[in-house]
Amino acid sequence: MERTFAIIKPDAVSKKLAGQILARIEAAGFTVVAMRLQHLTKAEAEGFYAVHQARPFFGALTDFMSSGPCVLLCLEAPDAIKQWRALMGATDPAKAEPGTLRKDFGASIDNNATHGSDAPETAAFELGYFFRGLELR
Ligand code: GDP
């Protein structure tokens, strides 16, 4: 078993797609270990995406991520990190495979509905950034 960190981003929550996305997550076999609705501050979004600090889209990305509530998730499954990224699809919804969440629910590369950790080290950092140990038992 493996755990990963996922976000249903503010665009999807504001379009009332969170329920549909959660249903797809559960249908794909993930267990929801922890879940919270949270409206991130700009500073919280900047800390989360610190790795992208030097990128030209950092300001727009952190404005967007702090624009409204999102759903923060710890998901568990065999090979969860890879499997969740496969279910999400490519970063740019226009390039995402049919049947993926970003294809079905993302509008553009910056409004792409979901986030997922890309490696075990990032999953550990991201889960610890948003969840307390007691929430991840
Ligand atoms: P992810 O792991 O697939 O989410 O992609 P990255 O970690 O590379 O980028 C983080 C987020 O920044 C993505 O989900 C996009 O929303 C956004 N992003 C990445 N690349 C670009 C870009 O070239 N332009 C814009 N506007 N946003 C981007």
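One-based numbering, in listed order, for ligands and for the atoms of each.
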Below a 4.0 angstrom heavy-atom separation, can you tell me which part of [X], side chain or backbone, both or neither, approaches ligand 1?
X      : value
Ile109 : both
Met88  : neither
His52  : side chain

Item to complete: For Arg85, take its heavy atoms, then give the atoms of ligand 1 lying under 4.0 Å from any of them.
Response: 1 (P), 2 (O), 3 (O)
Item to complete: Check each atom of ligand 1 against the heavy atoms of Asn112 and keep those under 4.0 Å away; list them by number with element.
Response: 13 (C), 14 (O), 15 (C), 16 (O)
Worksheet item: What residue and heavy atom of the protein are closest to atom 3 (O) of ligand 1, and at what distance?
Response: Thr91 OG1, 2.6 Å
Worksheet item: For atom 18 (N) of ligand 1, which protein heavy atom lies nearest, and how many Å away is it?
Response: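 The answer is Phe57 CE1, 3.5 Å.
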Discussion item. Strictly below 4.0 Å, N to O, side chains only: are Arg24 and Asp104 in salt-bridge contact?
Written reply: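 Here Arg24 pairs with Asp104 in a salt bridge, since their nearest N and O are under 4.0 Å apart.
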Worksheet entry | Salt bridge present between Lys82 and Glu2 (N-O < 4.0 angstrom) | no
Item to complete: Indicate yes or no for a side-chain donor-acceptor contact from Arg85 to the backbone of His115 under 3.5 Å, with no hydrogens or angles considered.
Response: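 No, Arg85 side chain to His115 backbone: no donor-acceptor pair under 3.5 Å.
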Item to complete: Examine ligand 1 and decide if any of its atoms is less than 4.0 Å from a heavy atom belonging to Leu61.
Response: yes
Worksheet item: What is the distance from atom CG of Asp63 to atom CZ of Phe58, rounded to the nearest 0.5 Å?
Response: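 Answer rounded to 0.5 Å: 10.0 Å.
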Discussion item. With rounding to the nearest 0.5 angstrom, report the OG to CG distance, Ser67 to Asn111.
Written reply: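 Those atoms lie 7.5 Å apart.
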Worksheet item: For Lys42 and Ser66, does a side-chain donor sit closer than 3.5 Å to a side-chain acceptor?
Response: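 Lys42 vs Ser66: no donor-acceptor pair found between side chains.
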Discussion item. If you take the centroid of each ring, where Trp contributes its six-membered ring, are Phe48 and Phe5 closer together than 6.0 Å?
Written reply: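 Phe5 vs Phe48: aromatic centres under 6.0 Å.
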Worksheet item: For atom 4 (O) of ligand 1, which of His115, Lys9, Arg102 has the closest heavy atom?
Response: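 Closest candidate by heavy-atom distance is Arg102.
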